[in-house]
Amino acid sequence: MATEKILVIGSSGQIGTELVMALRGIYGGANVYASDLRKPEGEVLETGPFVALNVMDRSALNETIKSLKITQVYHLVAMLSATAEKFPEKGWDLNMKSFFYVMELLREGVLKKVYWPSSIAAFGPTTPRLDTPQHTIMDPSTVYGISKLSGELWCQYYHDKYNVDVRSIRYPGLISWKSEPGGGTTDYAVDIFYKALQEGKFTSFLSAKTTLPMMYMPDAIRGTIDLMEAPADKVKLRSGYNFAAFSFDPETLAASIKKHIPNFEIDYAPDFRQHIAEGWPQSINDTVAREHWGWKPEFTLDKMVEDMLMNLRVKLKIK
Ligand SMILES: NC(=O)c1ccc[n+]([C@@H]2O[C@H](COP(=O)([O-])OP(=O)(O)OC[C@H]3O[C@@H](n4cnc5c(N)ncnc54)[C@H](O)[C@@H]3O)[C@@H](O)[C@H]2O)c1
């Protein structure tokens with residue numbers, strides 16, 4: 001394990017901030033390089049190396065990976081669902097070009113293993129929305145979703161054709177307190193906690209009964225690392241694994257928050273993100289991930305809400 005050198009690209013984002021710290025706990029601070037356009041803050045900067053890198057600068061990416069003798073890449077950079085609808089060409093360009101830059105280094109044998117995240121956005125409006133199976137109709141209707149489905153198919157292609165080790169998960173909406181989300185359709189489920197604590201009220205950009213699959217970040221990080229550390233022969237699926245914890249709508253999340261903040265109020269002003277959410281599944285069947293590499297979530301909705309409020313109270317210095 002100690003010989004692995006890991007590069008996390010997009011390390012200053014919602015997932016990267018926590019993934020870097022978890023990987024450093026396993027591989028040692030010096031062996032896990034954070035990299036992003038944005039300089040990290042706090043513990044990521046203090047516990048190990050950071051490389052300023054624009055992943056679209058292919059020669060800088062190649063040079064960084066070769067000179068640092070990187071063996072594994074977690075490629076987290078993407079333009080997320082809501083933002084990519086505003087900048088379709090730029091979103092496609094960033095999501096797909098950077099994907100190929102990294103995958104080519106894997107094909108050439110410079111890298112040994114790559115992690116590339118997919119999303120429930122890879123499903124679409126005619127996908128069965130309840131208990132969505134691993135293998136089903138996939139007809140994404142957003143730029144982001146099209147890029148995720150394309151990436152998944154390319155992951156499988158690279159594995160089948162070049163026998164390389166690439167692994168992927170279809171994340172649901174992720175909820176975290178350490179860093180804020182970066183322009184997705186499920187961002188409301190993080191923002192609601194800040195507003196509940198700071199203002200006692202929140203306006204949701206999704207309607208009351210818009211149910212989506214969600215997960216608390218500690219589960220997502222543990223599952224990601226478990227997949228990457230599973231023996232290669234257990235990872236029998238090389239597109240993206242369905243990955244689930246719980247599902248809720250804004251009204252149900254608000255009710256759980258109210259158990260701790262009784263005066264909390266929510267109202268609804270759906271915007272363009274409502275349409276995106278309506279094209280996604282409501283719940284995910286993750287049996288294949290459970291069977292192949294032992295995935296099992298720990299957090300329920302109420303346990304997540306309790307933990308979020310406790311940690312945000314400390315972070316925001318609210319009694
Ligand atoms: N957060 C979620 O709920 C969620 C759900 C499904 C899938 N995902 C996927 O997980 C991955 C990470 O998501 P996230 O929520 O942490 O995203 P984020 O937007 O919070 O972070 C992305 C990071 O990439 C960096 N970045 C952007 N352009 C760059 C460039 N050219 N070079 C280097 N760095 C650049 C940004 O500065 C940012 O820190 C993405 O691929 C996303 O599609 C996330």
Side-chain angles (χ1 to χ4, degrees), residues 7-22 33-41 44-45 50-58 60-61 64-65 73-85 87 90-99 101-102 114-123 140 142-152 155 167-191 212-221 223-224 227 240-245 273 276-277 280-281 284 304:
L7 180 69
V8 179
I9 310 174
S11 61
S12 302
Q14 193 194 4
I15 299 176
T17 304
E18 301 201 31
L19 184 64
V20 166
M21 294 310 298
Y33 292 79
S35 74
D36 204 291
L37 289 174
R38 294 188 286 153
K39 200 171 168 186
E41 290 165 10
V44 172
L45 203 56
F50 169 74
V51 186
L53 179 72
N54 178 356
V55 72
M56 296 299 272
D57 183 344
R58 190 173 193 169
L61 175 74
T64 301
I65 286 174
V73 163
Y74 287 72
H75 177 17
L76 305 180
V77 172
M79 192 183 288
L80 305 190
S81 56
T83 312
E85 287 308 286
F87 309 103
K90 219 171 144 194
W92 177 259
D93 226 40
L94 176 65
N95 296 3
M96 296 318 297
K97 276 194 178 155
S98 65
F99 171 86
Y101 295 166
V102 171
V114 166
Y115 177 75
W116 180 82
S118 185
S119 160
I120 55 161
F123 297 113
T142 60
V143 174
Y144 175 71
I146 298 169
S147 76
K148 288 300 182 188
L149 178 57
S150 305
E152 278 194 22
C155 284
R167 305 177 182 203
S168 179
I169 280 173
R170 293 171 181 155
Y171 289 129
L174 300 178
I175 299 162
S176 63
W177 59 269
K178 282 199 178 175
S179 64
E180 289 171 43
T185 301
T186 52
D187 291 9
Y188 91 86
V190 176
D191 202 23
L212 288 170
M214 299 276 186
M215 187 180 290
Y216 197 31
M217 191 62 88
D219 271 342
I221 299 294
T224 302
L227 170 64
Y241 276 99
N242 276 11
F243 189 58
R273 289 167 282 193
I276 300 179
W280 291 356
I284 299 286
M304 176 274 289

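Start at 1 and go down the list; that is how both ligands and their atoms are numbered.
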Could you tell me which residues satisfy salt bridge (charged side-chain N to carboxylate O under 4.0 Å, His left out) with Lys178, sequence neighbours excluded, listed by chain and number?
Glu43
Under-4.0 Å heavy-atom contact with ligand 1, by part of Leu94 that carries it
side chain
Nearest neighbour in protein (non-hydrogen) for atom 27 (C) of ligand 1
Val77 CG1, 3.8 Å
So which heavy atom in the protein is nearest atom 3 (O) of ligand 1, and how far is it from that ligand atom?
Leu174 N, 3.0 Å
Note the single closest protein heavy atom to atom 11 (C) of ligand 1, along with its residue, its atom name and the distance in Å.
Leu76 O, 3.2 Å
Of Met214, Lys148, Met215, His75, the residue with the heavy atom nearest atom 41 (O) of ligand 1 is Lys148
heavy-atom search around atom 36 (C) of ligand 1 in the protein gives Asp36 OD1, 3.4 Å
Are Met304 and Asp219 side-chain neighbours, meaning at least one heavy-atom pair lies under 4.5 Å?
no
Angle class for the Trp116/Phe99 ring planes (parallel below 30°, perpendicular above 60°, tilted otherwise)?
perpendicular
Could you tell me which atoms of ligand 1, counted from 1 in the order shown, lie closer than 4.0 angstrom to a heavy atom of Asn54?
30 (C), 31 (N), 32 (N)
Side chain, backbone, both or neither: Ser35 near ligand 1, heavy atoms under 4.0 Å
neither
Between Ser35 (side chain) and Val8 (backbone), is there a donor-acceptor pair under 3.5 Å?
yes
Heavy atom to atom 9 (C) of ligand 1, shortest distance: which of Tyr74, Trp116, Tyr115, Tyr144 holds it?
Tyr144
Closest by any non-hydrogen atom to atom 5 (C) of ligand 1: pick that one out of Gly173, Pro172, Ala84, Gly183.
Pro172
Over all atoms of both residues, closest heavy-atom pair of Ser147 and Trp92:
CA-CZ3, 3.6 Å
Protein contact to atom 33 (C) of ligand 1 [nearest heavy atom, distance to 0.1 Å]
Leu53 O, 3.2 Å
Donor-acceptor pair, Glu18 side chain versus Ile221 backbone, under 3.5 Å?
no
Which residues pass the side chain to side chain contact (heavy atoms under 4.5 Å, CB included) test with Pro213, sequence neighbours left out?
Ile120, Pro172, Ser247, Ile284
Should you measure from each heavy atom of Ala78, which atoms of ligand 1 turn up under 4.0 Å away?
40 (C), 41 (O), 43 (O)
Is it the case that ligand 1 has an N or O less than 3.5 angstrom from some N or O of Ile15?
yes
